[in-house]
Number of protein chains: 2
Amino acid sequence: MKKFVTIKDIAIRAGVSINTVSRALNNKPDINPQTKQKVLQAAKELGYIRDLNALSLKNGITKTIGVVFEDSSNPFYAEVFKGIEYCARKYGYQIILMNTERDYINEIKAIKTLIEKRVDGIIISPTQFDSDDISYLVSMNYPFVILGVHFENSQLDEVYSDDFKGGYLATKHLLDKGRKKILMINGYMYKSVAKMRYQGYVKAMKEYGLKPYHMVEIEEGYESCFNKISELKDLDYDAIFCFNDVFAIAALKALRTFGKTVPEDVSIVGYDDISYASFVHPTITTVKIDKFQEGMIAFEILQERLSEKRDKPKQIVLDVELIVRESA
Amino acid sequence: MKKFVTIKDIAIRAGVSINTVSRALNNKPDINPQTKQKVLQAAKELGYIRDLNALSLKNGITKTIGVVFEDSSNPFYAEVFKGIEYCARKYGYQIILMNTERDYINEIKAIKTLIEKRVDGIIISPTQFDSDDISYLVSMNYPFVILGVHFENSQLDEVYSDDFKGGYLATKHLLDKGRKKILMINGYMYKSVAKMRYQGYVKAMKEYGLKPYHMVEIEEGYESCFNKISELKDLDYDAIFCFNDVFAIAALKALRTFGKTVPEDVSIVGYDDISYASFVHPTITTVKIDKFQEGMIAFEILQERLSEKRDKPKQIVLDVELIVRESA
DNA sequence: TTGTAAGCGTTATCAC
DNA sequence: GTGATAACGCTTACAA
């Protein structure tokens with residue numbers, strides 16, 4: 001296997017002590033320029049590459065953060081990741097990415113491993129199936145940021161979008177278009193995100209003097225939504241508010257199978273504004289979250305915590321925006 | 001900041017030496033069961049979590065691999081990542097993910113950082129703008145696997161798909177449908193992938209006694225393709241073979257803007273078979289690559305190398321499959 | 001200006 | 001069965 005050059009090797013080559021090497025490599029002042037030159041030369045010849053792990057052991061800082069997502073192949077998280085990475089790069093951090101596949105057991109394992117790796121901090125979008133692991137992080141005072149969801153009655157670092165407003169805007173838009181029988185295809189309500197969007201939906205309906213029409217909770221994924229809509233073939237509705245754009249795209253497709261047109265027969269509003277929402281036909285009216293920014297902010301919040309610039313919990317609520325396209 | 005419990009702390013608590021603690025924690029045989037129990041108890045009470053970095057320093061093994069992608073938000077890579085992760089989980093490896101954004105400078109930096117982190121191995125989809133960095137990895141005998149592309153005249157560990165065949169199948173399918181004026185919207189030809197697909201296209205055309213009709217090289221991304229097709233509005237063609245499905249989706253959209261219907265006026269074939277290829281309307285005929293499997297294989301090849309089960313380079317060529325849908 | 005030695009958390013080697 | 005001690009690669013007091 002590979003063998004790395006150490007400062008010891010350089011020291012021997014240059015005929016100095018290891019810490020003279022360290023001095024030269026780290027641009028310390030108290031060193032003779034000639035010695036420095038000699039050391040640097042030796043280092044170059046040998047092809048020295050510093051060992052950041054050894055450094056970490058010394059410092060207690062790994063310059064690495066952990067990111068725990070439900071599913072990084074979901075365009076939402078994929079984009080968030082880019083935002084995190086953008087900032088991480090700026091500050092010289094590496095990222096260990098782990099997906100939970102929406103399995104709480106995986107979430108626990110991921111956190112454990114990340115702590116074993118001594119990552120400086122963690123950015124996590126929790127499954128919310130349970131939150132003992134989060135409590136654990138709190139109890140050991142581990143730096144972490146919750147992304148995408150909001151834990152009520154807690155004092156955590158969080159960045160999430162204003163999903164109540166999003167649900168409200170989406171529904172109001174449908175109502176303004178004259179729709180009344182608005183079906184909501186939602187995610188599971190134990191997730192705060194789904195709950196908030198539903199509450200926004202309810203609020204808008206009420207404002208228009210209507211009762212919430214019909215809401216179903218389904219698991220994530222195109223198939224899941226496609227099947228549900230097929231199943232609800234006989235339900236009478238004139239609009240669908242979807243939990244996310246993938247659902248909306250699935251809805252589009254499902255409605256087509258039984259000859260309904262969008263937006264004429266049924267209006268559709270999605271959520272997230274993933275790029276594919278504007279690639280399909282008709283393009284999808286949706287609630288936009290600035291995902292890249294959400295990732296950046298998550299990192300920044302974590303960074304503030306790590307650099308001890310801030311002690312109190314910080315919660316950033318991202319504004320959302322209704323993007324009107326063809327589907328509603 | 002956080003402070004971690006060390007085996008020393010446990011030793012003090014249990015009233016034994018640190019290496020007795022190590023013995024207990026690692027299930028070594030030569031230890032009194034009672035002592036072991038006592039130590040384990042102390043470890044639990046203190047909330048001990050082992051430090052994998054310290055262990056790495058000792059072993060010279062980090063149980064971490066680096067993954068360098070052009071863009072992990074591209075559904076192709078997103079899926080590949082899942083495959084890598086699936087195997088990594090199985091073998092107990094963590095993954096540091098870094099994107100290059102198709103910038104060779106970023107690629108160099110990523111590799112450097114990963115080596116500094118002493119990752120056990122690297123899986124990389126190179127930009128192919130240059131390959132000094134790859135040569136460097138070879139020269140230092142660093143374990144790595146090239147993913148998605150093939151370097152001619154080299155002896156590297158690689159996993160890539162049979163893009164010559166893919167290009168051929170796609171084009172042949174269009175020809176069999178009676179299309180002759182087949183436009184190819186390709187990626188840059190300095191990438192072996194683009195080159196292979198083009199060669200497949202040429203071969204099929206020749207077989208049907210035709211000259212390659214028209215091929216353009218453009219950069220990746222929906223916009224890029226959409227604009228190019230709008231630009232080529234006056235070109236006379238009856239089919240498009242797209243470098244990937246995102247291009248195909250863009251083509252669909254662009255053609256719609258000037259009233260051409262798919263597949264009646266223009267047939268379209270994409271490449272990759274990302275999930276969105278079957279979500280859009282019309283669904284896209286495409287060349288399928290098993291992305292998850294490609295990721296798994298990449299890891300397996302790397303793993304074989306790491307466990308020294310294999311010494312010689314291994315190159316796996318994944319078969320591809322034409323998936324016929326509505327667009328052609 | 002340079003070298004020596006301790007220490008980061010862990011395991012392995014050797015005595016006891 | 002258990003405990004010192006060295007070692008992994010590096011930085012940082014402290015000494016020279």
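Heavy atoms only: backbone and side chains are in, while hydrogens, waters and symmetry mates are out. Lettering of chains follows the sequences in order, A, B, ..., and the numbering in each one begins at 1.
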Contact list for DNA chain D against residues 31-44 of chain B - heavy-atom distance below 4.0 Å: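 Under 4.0 Å from DNA chain D: B:I31, B:N32, B:T35.
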
Is there a side-chain polar atom (N or O) of [X] under 4.0 Å from OP1 or OP2 of [N]?
{"X": "B:S17", "N": "D:dG3", "answer": "yes"}
{"X": "B:S22", "N": "C:dT11", "answer": "yes"}
{"X": "A:N26", "N": "D:dT11", "answer": "yes"}
{"X": "A:T20", "N": "C:dG3", "answer": "yes"}

Sugar-phosphate, base or nothing in reach of B:R50, heavy atoms under 4.0 Å: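 Answer is sugar-phosphate: B:R50 comes under 4.0 Å of backbone atoms only.
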
Sugar-phosphate only, base, or nothing, as touched by B:D30 at under 4.0 Å among non-hydrogen atoms: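 Base contact.
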
Side chain of A:K28 - closest among C:dA12, D:dT12, D:dC14: D:dT12

Which nucleotide in C:dT10, D:dT2, C:dG9 has an atom nearest any side-chain atom of A:L57: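 So the side chain of A:L57 is nearest to C:dG9.
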
First of B:A54 and B:R23 reached from the 5' end of DNA chain D, by closest nucleotide: B:R23

Option from B:V119, B:I84, B:L306, B:T64 for which side chain to side chain contact (heavy atoms under 4.5 Å, CB included) with B:Y93 holds: B:L306

B:E116 and A:K63 ion-paired at < 4.0 Å: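 Answer for the salt bridge query: no.
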
